[in-house]
Amino acid sequence: AQSVTQLDSQVPVFEEAPVELRCNYSSSVSVYLFWYVQYPNQGLQLLLKYLSGSTLVKGINGFEAEFNKSQTSFHLRKPSVHISDTAEYFCAVRVSGGYNKLIFGAGTRLAVHP
Amino acid sequence: NAGVTQTPKFQVLKTGQSMTLQCAQDMNHNSMYWYRQDPGMGLRLIYYSASEGTTDKGEVPNGYNVSRLNKREFSLRLESAAPSQTSVYFCASSESSLGTYNEQFFGPGTRLTVL
C-alpha cells in the first residue's frame, strides 16, 4: 500500500526567503506524485506533478519539486516566497497505471511573514 | 464553465439527523470522488464513481452512502450524522479513473458540523 509523509506540519518563513516543504512516500510500484495547494477557505488546486521523465518539475507560481527515487522523496521548493503563498500544501501519490485514487499526506501549513 | 460545484457551503446538523451533500461538474468527466478533510490527516477518499452507474468504496466509507445520479452529479448522504463526521467535504472529478494520468479537479468544499 502507498503512503505519504509530510515531515513538517507547519513552516513559518519570512517574505523573500527560500522555502522547502518535505514529502516522502512509500510504494513498491511506480507512482505518480503531486503537490496541491489549498488557499484559505478554498478547494485544492494542482501545483505541479511528476509522471515520468525529468526528475525536476516546475509548477505554477514559481514552485518546483524534485523526484528522488532512491530517497523516495518529492520535496517542494521556491527560491523566494511571497505573502500570497501562505496556504496549506498537500503532497499526494497514486499508482501509475492503476485506478486514479490519490493518497494524500497530512499537509504542511506555510505561513509567510512580512 | 463553473467546474465542480458543491452545495451547501456550510451546514450544522444535530446527531442523528440526515442530509445529502450535492456535487455537480460541467466538464463532461466520467469519474467523480468524495473526500473528507480533517486536521492533521489530509484528505481521505470516502467513495468514488469510475463512471455513470458505478460506485466503489474508498478508505473511509462507513456512515456514508453515495448516488451517481447521472454523468454530472454525484451526491453523498449521511443517514444518521455523528459528531465524528464533522469535517470538510470535497468533491472532485476527472476525465477517467483508469490508466494514464487524469487530473482531479476539486470543488470548493462543504464545511459540516455535527453537534
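Below, read A as the first sequence line, B as the second, and so on, with proteins coming before strands; counting in each chain starts at 1. None of the values given here were measured: they were computed from a predicted structure.
With a 4.5 Å cut-off on non-hydrogen atoms, B:Leu45 touches chain A through its side chain but not through its backbone. There is no contact between B:Arg44 and chain A, counting heavy-atom distances below 4.5 Å. Interface remark: B:Gln6 contributes no atoms to any contact with chain A (heavy atom separation under 4.5 Å).
The cluster map of Ile, Leu, Val, Met, Phe, Trp and Tyr, joined by side-chain heavy atoms under 4.5 Å apart, puts B:Val66 and B:Val88 in different clusters. In the hydrophobic cluster analysis, where Ile, Leu, Val, Met, Phe, Trp and Tyr join through side-chain heavy atoms closer than 4.5 angstrom, A:Tyr89 is grouped apart from B:Phe105. A single hydrophobic cluster is not seen to contain both B:Leu115 and B:Leu78; linkage of ILVMFWY side chains at heavy-atom distances under 4.5 Å, directly or through other members, places them apart. Hydrophobic clustering, with ILVMFWY side chains joined whenever heavy atoms are under 4.5 angstrom apart, groups A:Leu76 together with A:Val112. If you chain together hydrophobic residues whose side chains sit under 4.5 Å apart, A:Leu7 and A:Tyr25 never meet in one group.
Residue A:Glu16 places its CD atom among 12 or fewer non-hydrogen atoms of other residues, nucleotides or ligands, all under 6.0 Å distant. Under a cut-off of 6.0 angstrom, the local environment of CZ in A:Arg109 is sparse, with at most 12 non-hydrogen atoms contributed by other residues, nucleotides or ligands.
Separation of atoms CE (B:Met41) and CZ (A:Phe104) is listed at 14.0 Å; rounding is to 0.5 Å.
Heavy atoms only, all atoms of each residue included: B:Phe90 and A:Gln38 are closest at CZ-NE2, 3.1 Å. Closest of all the heavy-atom pairs between A:Ala106 and B:Gly40 is CB-O, 3.2 Å. Of all heavy-atom pairs between A:Lys101 and B:Tyr48, the closest is CD-CE2, 3.8 Å.
Looking only at side-chain heavy atoms (C-beta outward), A:Leu102 and B:Tyr35 come within less than 4.5 Å of each other. Side-chain atoms of B:Gln104 and A:Tyr36, non-hydrogen and from C-beta on, do get closer than 4.5 Å to each other.
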